[in-house]
Amino acid sequence: MAEATPLYDTYSRAPLRFERGEGVWLITETGERYLDFGAGVAVTSVGHSNPHVVGALKEQADKVWHLSNIYEIPGQEHLAKRLTDATFADKVFFTNSGAEALECAIKTARRYQFSKGHPERFHIITFEGAFHGRTLATIAAGGQEKYLEGFGPKAPGFDQVAFGDIEAVRAAITDATAGILIEPVQGEGGVRPATSEFMKALRQLCDENGLLLILDEVQTGVGRTGKLFAHEWSGVTPDIMAVAKGIGGGFPLGACLATSEAASGMKAGTHGSTYGGNPLAMAVGSAVLDIILADGFLQQVRDVALVFRQGLASLKDRYPDVIEDIRGEGLLLGIKAAVPSAELLQAIRAAHLLGVPAGDNVIRLLPPLVVTAEEAREGLVRIERAAESIRASKVKKTA
């Protein structure tokens, strides 16, 4: 009988123990090498043990780790300026995670309406299949029963509609609506992109009704889709945006970005965080941006993504009994499996490639953004090996 663990039983972990990482590779305690196309669920954006990021962390670690927001933290001003210079935003609040960034975004939208004399406007329209985090507010925003069950009454103020249905959004707007919250590409929900037309229609509805457009770019942001942020593909500008994952390259870091107008209700004392914006996180975040914002980097992401996407499309054509569809944008790609996705994920893992499960029978492929075309092709070889093994297993069963 296995020894009882002192950990909460909240994860179904794969029986793999990684000791170190190098770029797009993870190495187990026994020396086995895995091609990491999960990237800690789109987190290790610039690869494992990136020398520039490691150097920035070590340099800051020798100075000061923590101060709290009682004092000015120069690294916050520096990173916030870089983010606002590169985006629509005028204001930034730093957090430790994506869920915290979403909490800040929701509070910012509600507080905005309150400060404008509309305290009744606190409802946020959200979408079926969404995932916004694991706090009580963000599981209510996501609306998925499997995350809500057993945690008491659902937090009020979230009105969910079908993803992509603009008429349903229009019908859901009431005098109590404060804003609309959407992921430009649903990751956990099965790698489902919103169309540019839908994003533009949401922006128009917000403008017409005095609502704030809130984007969850926790998974899609910081270069993941080949633009700095996914909403740039549609030309739509949000009022508030939640960011995390890739911005820290593996160090816990999130941020809520907003226009000055959207953030105008967030006065001193209305929100806070003990660790948010700590000096270590700021040093790492700035080092990550050094890489992501370098000339030609995002073009390289788009080029490699095209190679990878075309290779996956070829595999879909050759293995329709295993791969039903390929979805996504940039290096946020999904394989919709024609077999149970857990079976395909296990076969991929057996080929020493790592992916991430998602809804709608999909496996997410989220390699570090520094992945090369050669490494992408190596990933395709391993996915083909997995598809072959599943096909062979099916043949054996019917023989």
Side-chain angles (χ1 to χ4, degrees), residues 18 20-26 36 38-69 71-87 89 92-98 100-101 217-230 241-257 273 275-302 304 330-332 366-372 375:
F18 296 108
R20 66 187 192 280
E22 301 166 355
V24 301
W25 296 89
L26 281 171
D36 183 10
V41 195
V43 169
T44 48
S45 52
V46 293
H48 297 284
S49 303
N50 185 286
H52 181 63
V53 179
V54 171
L57 180 62
K58 286 182 175 179
E59 183 180 350
Q60 184 59 49
D62 284 333
K63 296 177 180 177
V64 61
W65 290 24
H66 177 74
L67 291 166
S68 90
N69 288 290
Y71 312 105
E72 293 183 359
I73 300 173
Q76 284 193 27
E77 294 282 345
H78 177 67
L79 183 53
K81 181 69 164 57
R82 296 188 73 183
L83 287 168
T84 55
D85 284 349
T87 68
V92 181
F93 183 95
F94 288 111
T95 69
N96 307 288
S97 70
E100 287 183 28
E217 290 240 25
V218 168
Q219 188 164 154
T220 57
V222 198
R224 178 54 54 187
T225 67
K227 297 277 192 183
L228 186 58
F229 291 101
M241 179 170 70
V243 182
K245 290 188 182 289
I247 193 172
F251 195 94
L253 171 59
C256 180
L257 281 63
S273 171
Y275 295 108
N278 68 79
L280 291 172
M282 297 301 92
V284 169
S286 193
V288 168
L289 281 191
D290 289 342
I291 297 166
I292 302 290
L293 295 178
D295 287 346
F297 183 85
L298 291 175
Q299 183 60 54
Q300 172 72 5
V301 171
R302 294 192 289 271
V304 174
L331 290 175
L332 170 51
L366 311 156
L369 304 183
V370 294
V371 65
T372 65
E375 289 164 338

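Computed over heavy atoms, backbone and side chain alike; hydrogens, waters and symmetry mates excluded. All values reported here derive from a predicted model rather than from experimental measurement.
- Put simply, OG1 on Thr220 and NZ on Lys227 are 14.0 Å apart, with the number rounded to the nearest 0.5 Å.
- Annotation: salt bridge (Lys or Arg N to Asp or Glu O under 4.0 Å) contacts involving residues 45-54, sequence neighbours excluded, are absent.
- Judged by distance alone, the side chain of Gln76 and the main-chain N or O of Gly277 form a donor-acceptor pair under 3.5 Å.
- Between the Ser286 side chain and the Ala283 main chain, no donor and acceptor come within less than 3.5 Å of each other.
- Across all their heavy atoms, Gln219 and Leu332 have their closest contact at OE1-CD1, 3.6 Å.
- Smallest separation of non-hydrogen atoms from Ser45 and Gly249: OG-CA, 3.8 Å.
- Here Ile291 contributes atom CD1 and Leu369 contributes atom CG; the two are 10.0 Å apart, rounded to the nearest 0.5 Å.
- At distances below 3.5 Å, at least one donor-acceptor pair connects side-chain atoms of Gln60 with backbone N or O atoms of Val64.
- Using a 4.5 Å heavy-atom cutoff, the side chains of Phe229 and Val222 are in contact.
- Classification of Lys81 and Asp85 as a salt-bridged pair holds, one side-chain N sitting under 4.0 Å from a carboxylate O.
- Here the OG1 atom belonging to Thr95 is positioned 9.0 Å from the CD1 atom belonging to Ile247, to the nearest 0.5 angstrom.
- With values rounded to the nearest 0.5 angstrom, Leu253 atom CG is found 8.5 Å from Asn278 atom CG.
- Proximity of Tyr275 to His66: side-chain heavy atoms (C-beta onward) are separated by under 4.5 Å at one or more points.
- Side-chain contact check for Val53 versus Val288: some heavy-atom pair is nearer than 4.5 Å.
- Not a single donor-acceptor pair under 3.5 Å links the side chain of Asn50 to the backbone N or O of Gly47.
- Checked against side-chain contact (heavy atoms from CB on, under 4.5 Å), Gln299 has the following partners two or more places apart in sequence or in another chain: Arg302, Asp303.
- No donor-acceptor distance shorter than 3.5 angstrom exists from the side chain of Asp36 to the backbone of Pro368, with no hydrogens or angles considered.
- Closest of all the heavy-atom pairs between Pro252 and Ala281 is O-CB, 4.0 Å.
- Remark: the backbone N or O of Gly21 is paired with a side-chain donor or acceptor of Ser49 at under 3.5 angstrom.
- Around the CZ atom of Phe297, the shell of radius 6.0 Å holds more than 12 heavy atoms that belong to other residues, nucleotides or ligands.
- Within the structure, salt bridge (Lys or Arg N to Asp or Glu O under 4.0 Å) contacts touching residues 290-299 (residues at least two apart or in different chains) are Arg82-Asp290.
- Remark: Ala80 pairs with Val92, Phe94 by the side-chain contact (heavy atoms from CB on, under 4.5 Å) rule, at least two apart or across chains.
- A donor-acceptor pair under 3.5 Å is formed between the side chain of Arg224 and the backbone N or O of Leu331.
- The side-chain contact (heavy atoms from CB on, under 4.5 Å) check on Ala61 picks up Trp65, Leu280, with sequence neighbours excluded.
- Counting all heavy atoms, side chain and backbone alike, Ala101 lies closest to Ala255 at CB-O, 3.5 Å.
- Taking CG of Leu83 as the start and CG of Leu257 as the end, the distance is 5.5 Å to the nearest 0.5 Å.
- Residues meeting the salt bridge (charged side-chain N to carboxylate O under 4.0 Å, His left out) test with Lys63, sequence neighbours left out: Glu59.
- When all heavy atoms are compared, the tightest approach of Ile292 to Val46 is CD1-CG1, 4.0 Å.
- With hydrogens and angles ignored, the 3.5 Å screen pairs no side-chain donor or acceptor of Glu375 with any backbone N or O of Val371.
- The minimum heavy-atom distance between Ile73 and Pro279, with the atom names listed, is CG2-CG, 4.3 Å.
- Judged by distance alone, with hydrogens and angles left aside, the side-chain atoms of Glu217 form a donor-acceptor pair with the main-chain N or O of Ala230 at under 3.5 Å.
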